[in-house]
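For reference, the structure is listed below as structure tokens.
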Amino acid sequence: MYPNKTEIMEYQPREIERKWKAYWEEHKVYKVTHQSDKPKFYVLDMFPYPSGAGLHVGHPLGYVASDIYARYKRMSGFNVLHPMGYDAFGLPAEQYAISTGVHPAKSTAENIQRYREQMDNLGFSYDWDREVQTSDPSYYKWTQWIFAELFAHYYDVDQNKARSISDLTVAFAQAGSAGVNAYHSYEGQFSAAEWNAMSAVQKDEVLMNYRLAYRKASYVNWCEALGTVLANDEVKDGVSERGGYPVERRAMLQWSLRITAYAERLLNDLNDIDWSDAMKRMQGNWIGRSEGAQMFFDIANSEAKIEIFTTRPDTIFGATYMVLAPEHDLVPGLITPEQAAQVEEYLHYVKSRTERERMAEVKEVTGCFLGSYAINPFTNENIPIWIGEYVLKDYGTGAIMAVPSDDDRDDAFARKFGLKIVDVVDKSKYPGSTRHDKEGIIINSGFLNGLEVPAAIEEMLQRIEKMGLGKRRVNYKLRDALFSRQRYWGEPFPIQYDQEGVSHALDTAQLPLELPEVEDFKPSSVGSPLARAADWVNLPNGFKRETDTMPGSAGSSWYFLRYMDPHNGQEFASQEAVNYWREVDLYIGGTEHAVGHLMYSRMWHKFLYDKGLVPSKEPFKKLINQGMIQGVVESVFLQKEKVNGQSRFICHSMLAEEEAKGLSFSKIPVLVDYVTDYGLPSSHLDAAGVQKFIEWRPDYQNAIFEGPEAIFQNGTVTAKPGKSGVLQLVTLSEVGKMSKSMFNVINPDDVVEQYGADCFRMYEMFLGPIEQAKPWDTKGISGVYNFLRRFWALFYDKTLTNFKVSDEAPSKAEYKILHTAIKKIKEDIERYSFNTCVSAFMIAVNDLQKANCNKREVLDALTRLMAPFAPHQAEELWHLLGHDGSVHHADFPVLNEAFLVEDVIEYPVQINGKLRTTAPFPADAQPQTLEKAVMEIEAVQKWTEGKEIKKIIVVPKRMINIVVVG
RNA sequence: GCCGGAGUGGCGGAAUUGGUAGACGCGCUGGAUUCAAAAUCCAGUAUUGGCAACGAUGUGUGGGUUCGAGUCCCACCUCCGGUACCA
């Protein structure tokens, strides 16, 4: 007779998880302070943007990994800071506000609440008392404060650090612009007397070329029809994504951050941090350091000079024309009347092109001759000046000398427009050498002839400097960060302008400068929605506030510091807290942030370091990039032309045939909940699915849905003549981003509801390496669930009615199972290989089950080993084992290698590298002994018979390989 | 285009330093249990030839280095992320 069902102590994740979550919260199990004798460890997740779609199964991948690591460190004697918060300013909330009128603060708060519930459901060990929200005035007070500090500083090149603007103005007053070696963008020089004679407006203009936060004219995507600036994301194929209106590049006066001042340090300090080589390479390439010459080309019949930067001064004799960015300041003055119409037409075309398009389009080069000529300083020839979209305004100097014989793009340009090409590098001695390689012998170049390229570069640099044509210079591809947005939902700039237009930063006491209430979030005629709040913009003393707001990257550039002391009203964080926690020891987040967020954060951190406010040069010591969890997008096909006034959808299997009839179809994504066999090739909509689909999209309620066997319309399924009448619309399944717009978001709550949070956590880890992208699918989750039940069952008798562990001492074999697991799991956590940890647990449980082991000593250690992975189940078992207090405050098991020693090793035996047999030998056998012993084996004799043995390779404890010939 | 990453059974993946390719899990096949089913347990499962013993082939494609290559080198293909205002 089976026991009554209620007596069976089956693993019940729902009850266990509810119970322990409440316990942890009540006992503040994860609360942490910096008053501790333990060594610190800071584990951080990239905080989420709380979108309306809610958290999907991709987000927790990194959070679970960091939580396991944080718990492991906590159990290993560290004082662990593990916080979470929200990157709460952003475009989607604002778009939502524009279309629905709901205040972004309200929708953001709702989204945050939902995210919090979803995260709470997964059993993370965050210290929620430290939560930050970037849109909270008590937080953005300090974002504004850091901005104001950037505004009040310049970069001293000699001291290699940021210094106060007041030091700069003192130096200017004493010695003019020559008085300091500062990183700046000012063209020209001025004396002390000239500086002192300047008006406030003039001084403000000069200082804008020195400040680390400064204002300049920058280009934006302007959409006249929508009356707004668009994000690159909102522009598709040169037109606005919404509405398809034309978009043009337009210059506007905007704030920027002088990140280029930090370029060298951002590059060099990569050496000191533990990031993947790929990530360092990406950052390094983004910074794009190159050495070369800055030089000036004279213009025929003009006083102006064109400044260029080149890494190949050795090829100047081959510079047969020049190309300026179409937006270059000199362009208007270089257009001759004959060329005016053509140039205007070209400029009109360029305006319609996004920067991305301009860089990506290589097959079709475009450009236009301005009519003027520059003078090549070495050949003294007049060379035509062109404009071309492949030269970008913010790249280098926005102008190049074109050497078609030694640069692919210049070559394509010259060929298309019939410009002169002069070979200057003879590569005949370097077969396989490309134009990108600095190799070859210089020809057709006067005094450089016969020199190797590197020597020619050096010779030319010396000449250029001696002749006063220019200087050696280091150039960076990195550009200053555009920091203004014409948006409502962002941090207001702590800047106001006086009657003369001179900018002034607010004092700390005046912060935070809160966002004003506006009735309408749409862009205003003057750009930013804030401009509408007249009372807020116009101050009683006649000053006006800045109406742009900061970008999303502002709040996220320093949030890792705020977690250290999140409620401090006097400072961004106390020095005591900052000096204890120092920097993030482990940072986990997506590769999509490889350059943007990580570069800006590093710059802000370095600035604060220069000011002596943080003790570390780098904010993130170790970085792990989690791969994206992708979703499967399921689509049906909608015929573009209506049939008898009705929309018609067809089965994917009919597509080719229907298209052959000359019909065309568009792909319509379907909410994946309605799809049967989701994610499989057989995925389809059945009649019930179609019914749900039309309830969801009422505009298609009378549409025709045609499968191979039947047709559905208005709730009725009609069999096709001679067919079964079963309605089945196969959907197209494609792997893509998991996103609200593709209707394929999978909510972790649904998975947790069915299997529990512990199972969800372990399954996400079991999916594969943390760094790899993979599509979500729940096929294997039952295996993990089974494992958790089997682990649970080890603590019970066969009928699962009585908790039953034995106090007997474990056997040698049982110890070996345990310590094999301890070794593997500890090593794998430390190398962030969480998927193989789960395998190791499974192996241990399988082995213990086979050995019928229920020894307390083994199960107690295994429970602690499991605690970081399945925190709820481990806590329950820990208490069932009779412990008080949380397992998460217990010690992580310690490895004893003595249990793992092997006496005999099964050696693989290879002949010429091919495995032929295996043979057991003592673990301590010497190579000479093995060489002899291996020849005794029958299989070896069979394979070596009649052949000459050249040598025997013995790798102790690994393998034996016999090399034979004949 | 440029920068970075990934490609291994039917599927997710393992192989940590150049040393037994396919651990672990899913799925599938067969068996036990059951009136039956679910659940559970046992066995098998890269492809291919063979009753078997055993053999051949095999880590995106093509070459190379090595006693030995999933791993290193060269060339290429496909997919994914970023490309400076999505976050």
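Chain letters run A, B, ... following the sequence lines, proteins first and then strands; every chain starts at 1. For the numbers below, each heavy atom of this structure counts, side chains included, while hydrogens, waters and symmetry mates do not.
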Rounded distance (Å) that lies between atom [atom2] of [N] and atom [atom1] of [X]:
X        : N      : atom1 : atom2 : answer
A:Ile843 : B:rA23 : CD1   : P     : 10 Å
A:Asp548 : B:rC85 : CG    : P     : 13 Å
A:Asn835 : B:rA15 : CG    : C1'   : 12 Å

Quantified in whole Å, what is the P atom distance between nucleotide B:rA15 and nucleotide B:rC24? 13 Å
Quote, to the nearest angstrom, the C1' distance that separates B:rC79 from B:rU29. 33 Å
Regarding A:Glu830 and A:Lys826, does a basic nitrogen lie under 4.0 Å from an acidic carboxylate oxygen? yes
Select base, sugar-phosphate, or nothing to describe what A:Asn625 touches, counting heavy atoms under 4.0 Å on all strands. nothing
Base, sugar-phosphate, or nothing: which does A:Gln254 touch, judged by heavy atoms less than 4.0 Å apart? base
For B:rG49, the Watson-Crick or wobble counterpart (both distances under 3.5 Å): B:rC54
Considering Watson-Crick and G-U wobble pairs with both distances under 3.5 Å, what does B:rC28 pair with? B:rG44
Where is the tightest heavy-atom contact between A:Tyr49 and A:Tyr115, given as atom of each residue plus distance? O-OH, 3.2 Å
Using only modelled atom types and a 3.5 angstrom limit, is any donor from either the side chain of A:Gln486 or the base of B:rC85 paired with an acceptor on the other? yes
Is there, by distance only and without an angle test, a donor paired with an acceptor across the side chain of A:Asn285 and the base of B:rC3 below 3.5 Å? no
Scan nucleotides 53-58 of chain B nucleotide by nucleotide, 5' to 3', and note B when protein non-hydrogen atoms come under 4.0 Å of the base, S if they reach only the sugar-phosphate, - if neither. -SSSS-
Distance-only, no hydrogens or angles: does the A:Arg249 side chain make a donor-acceptor pair with backbone N or O of A:Tyr219 under 3.5 Å? no
N-glycosidic conformation, B:rG9 - syn within 90 degrees of 0, else anti: syn
